[in-house]
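Order of listing sets the numbers, starting from 1, for every ligand and every atom in it.
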Amino acid sequence: MRITQAEVLVSSPGRNFVTLRITTDDGLTGLGDATLNGRELAVAAYLSEHVVPLLIGRDAHQIEDTWQYLYRGAYWRRGPVTMASIAAVDTALWDIKAKAAGMPLYQLLGGRSREGLLCYGHASGVDLPELFDSINEHLEEGYRAIRVQTGIPGLPSVYGVASSKNASAGSDSGTDSRYDYEPARRNAVPVEETWDTRAYLRHAPTVFEAVRNEFGPELPLLHDAHHRLTPIQAAKLGKSLEPYDLFWLEDVTPAENQAVLRRVREHTTTPLAIGEVFNSIWDYKQLFEEQLIDYVRSPVTHAGGITALRRIFDYAAVYQIKSGVHGPTDVSPVGLAAAVHLGIAIPNFGIQEYMQHSPATLEVFRTAHTFEDGLLKPGEAPGLGVEYDDEVAGSFPYEAAYLPVNRLLDGSMHDW
Ligand code: KDG
Ligand code: MG
């Protein structure tokens with residue numbers, strides 16, 4: 001089965017997506033997600049200029065060899081642009097292989113290990129009443145685990161927190177107003193936000209205390225610190241949140257310097273999740289071998305595809321570390337479907353992030369996976385179970401959009 005065509009599809013239904021579609025000589029097609037939020041066109045160019053020409057004529061069944069060819073053959077290994085490109089090829093080839101077998105992809109990955117994937121949703125509020133409303137809405141929708149982010153007194157806005165319910169931001173682009181902080185604003189340059197770590201460290205424990213008082217001890221709660229703390233600040237936060245029994249605390253430090261996580265671990269038993277900006281198994285080596293984290297955040301889209309992420313999960317399992325795959329709306333429905341098929345099969349599944357895609361996105365990407373009673377299920381369609389509608393996509397052209405950047409109150413740039 002030879003590859004005859006590979007198309008790079010860029011569309012913006014609610015937000016920007018880069019999708020690779022591979023076609024074979026027997027007419028099968030496969031999809032892969034290559035979306036890199038705020039840097040989408042770099043991946044599109046890498047694919048169309050440097051990868052697509054190498055794919056034509058290759059045996060679509062040789063997934064591992066193609067992965068090695070693109071990884072080792074580039075000479076310039078790793079990096080988000082390269083690994084998102086390889087991920088898209090790898091995912092599309094798994095989609096094709098499963099369609100050729102007439103099976104949903106998870107069957108080729110070893111079959112079902114569970115009925116569905118426990119998911120967490122993004123609850124947020126500028127203050128406690130709005131946060132509680134948001135948690136209640138998520139619980140009514142079936143979510144059984146909740147990420148909690150709130151406004152911080154003194155700061156005009158905080159990333160990860162929807163603007164006040166009365167605001168209309170987001171509704172014009174067909175996005176869910178609960179998630180109006182993502183997609184990033186469609187601006188020529190990023191929006192600049194301000195940040196005050198001391199105010200955050202004072203406020204966060206009071207929020208979790210209030211949430212536990214209102215919702216009780218059972219509900220799994222998660223929190224994302226978005227890489228903004230020093231090691232000792234991270235240690236302090238983990239310690240101060242211990243009474244509220246978090247499922248995890250995410251991205252406490254930038255984590256490029258992995259050894260600093262030792263300091264955090266020395267001080268707190270709050271479980272740690274890291275890795276949404278990592279792109280290779282090597283990024284996890286020290287974190288795994290010293291057991292410095294509890295959950296792996298990489299998505300299929302940014303870690304080199306199903307082949308590579310499966311390898312990362314197997315390596316993690318040796319250290320009793322579990323999956324906690326990144327699932328914001330900038331991972332496309334194709335990337336999410338890949339995570340669902342992988343998550344249903346692996347032994348060390350932990351939790352799946354599930355931030356729902358907008359209706360506009362789901363008009364372009366028709367998906368077989370479902371969300372029932374708080375669990376994501378892959379469906380039984382052959383392959384990944386995602387169809388891309390070119391006609392609808394044509395009405396959503398690319399628009400430049402950026403995540404915000406972050407400055408301290410004195411104006412200096414801070415970690416995102
Ligand atoms: O592209 C960046 C977003 O996906 C990221 O900010 C979302 O941190 C995030 C999360 O945990 O979903
Ligand atoms: Mg995160």
Side-chain angles (χ1 to χ4, degrees), residues 12 14-18 33-43 80-81 83-84 87 119-124 134 138 143 145-150 157-162 170 175-176 178-186 190-191 193 195 200 204 220-229 234 237 246-255 271-279 283 293-303 323-336 339 350-358 361 376 400-406 414-416:
S12 194
R15 63 169 314 132
N16 293 318
F17 294 108
V18 179
D33 178 25
T35 307
L36 195 58
N37 198 5
R39 297 291 185 273
E40 297 87 357
L41 298 186
V43 191
V81 174
M83 297 310 280
C119 297
Y120 72 90
H122 282 207
S124 71
S134 175
H138 282 81
Y143 281 101
I146 307 282
R147 188 183 92 161
V148 169
Q149 309 290 131
T150 62
S157 67
V158 175
Y159 179 77
V161 179
T175 57
D176 186 331
R178 286 181 307 178
Y179 304 147
D180 66 1
Y181 51 89
E182 256 299 321
R185 300 285 171 269
R186 290 165 189 253
V191 167
E193 293 185 340
W195 181 250
Y200 166 68
L221 299 176
L222 303 88
H223 181 66
D224 195 342
H226 290 304
H227 323 261
R228 292 180 181 184
L229 308 178
L237 180 65
L246 265 60
F247 186 98
W248 82 34
L249 178 58
E250 177 184 342
D251 281 340
V252 280
T253 67
L272 301 177
I274 288 186
E276 70 180 48
V277 301
F278 290 179
N279 49 65
D283 295 326
I293 60 169
D294 302 283
Y295 294 93
V296 169
R297 290 288 287 139
S298 286
V300 167
T301 309
H302 301 137
S323 74
V325 170
H326 195 209
T329 54
D330 52 286
V331 167
S332 88
V334 175
L336 179 67
I351 200 166
Q352 170 68 44
E353 181 179 16
Y354 180 45
M355 195 180 165
Q356 298 181 27
H357 288 106
S358 72
T361 301
L376 267 168
Y402 291 97
L403 286 159
V405 297
N406 207 22
H414 190 55
D415 294 306
W416 187 82

Q: Mark up the atoms of ligand 1 that fall under 4.0 Å of a heavy atom belonging to H326, in ascending order.
A: 4 (O), 5 (C), 7 (C), 9 (C), 10 (C), 11 (O), 12 (O)

Q: For V325, does its backbone N or O pair with a side-chain atom of S323 as donor and acceptor, under 3.5 Å?
A: no

Q: Applying side-chain hydrogen bond (donor to acceptor under 3.5 Å, both in side chains), name anything that partners H357, two or more places apart in sequence or on another chain.
A: none

Q: With H226, which residues qualify under ring pair (Phe, Tyr, Trp, His ring centres under 6.0 Å), at least two apart?
A: Y159, W416

Q: Take Y120 and L221 through the test side-chain contact (heavy atoms from CB on, under 4.5 Å) and record every step on the way to the result.
A: CA-CA 9 Å; Y120 72 90; L221 299 176; over 6 Å; no

Q: Using heavy-atom distances only, which candidate in H302, E276, R297 approaches atom 8 (O) of ligand 1 most closely?
A: E276

Q: Taking the side chain from N406 and the backbone from D415, do they hold a donor-acceptor pair closer than 3.5 Å?
A: yes

Q: Under the rule for ring pair (Phe, Tyr, Trp, His ring centres under 6.0 Å), what residues qualify as partners of Y295, not counting sequence neighbours?
A: F247, W248

Q: Answer with yes or no whether M355 contacts ligand 1, where contact means a heavy atom under 4.0 Å from a ligand atom.
A: no

Q: What pair of heavy atoms forms the shortest contact from T301 to D33, and how long is it?
A: OG1-OD2, 2.8 Å

Q: Just let me know how L403 lines up against ligand 1, side chain, backbone, both or neither, with a heavy-atom cut-off below 4.0 Å.
A: side chain

Q: Just which atoms of ligand 1 are under 4.0 Å from any heavy atom in E250?
A: 11 (O)

Q: Which atoms of ligand 1 are found less than 4.0 Å from any heavy atom of H226?
A: 8 (O), 9 (C)

Q: With a cut-off of 4.0 Å, which atoms of ligand 1 are near a heavy atom of D224?
A: 8 (O), 9 (C), 10 (C), 11 (O)

Q: Is there a donor-acceptor contact under 3.5 Å from the side chain of N279 to the main chain of H302?
A: no

Q: So how many protein N, O or S atoms does the Mg ion (ligand 2) have within less than 2.8 Å?
A: 3

Q: Quick one: does any side-chain atom of S134 pair with a main-chain N or O of S124 as donor and acceptor, under 3.5 Å?
A: yes

Q: Hey, does N37 come in under 3.5 Å of ligand 1, counting only N/O atoms on both sides?
A: yes

Q: With side-chain hydrogen bond (donor to acceptor under 3.5 Å, both in side chains) as the criterion, how do E250 and H223 come out once you've worked through the C-alpha distance, each side chain's angles and the decisive distance to 0.1 Å?
A: CA-CA 6 Å; E250 177 184 342; H223 181 66; over 6 Å; no

Q: Which atoms from ligand 1 have a heavy atom of P328 less than 4.0 Å away?
A: 4 (O), 12 (O)

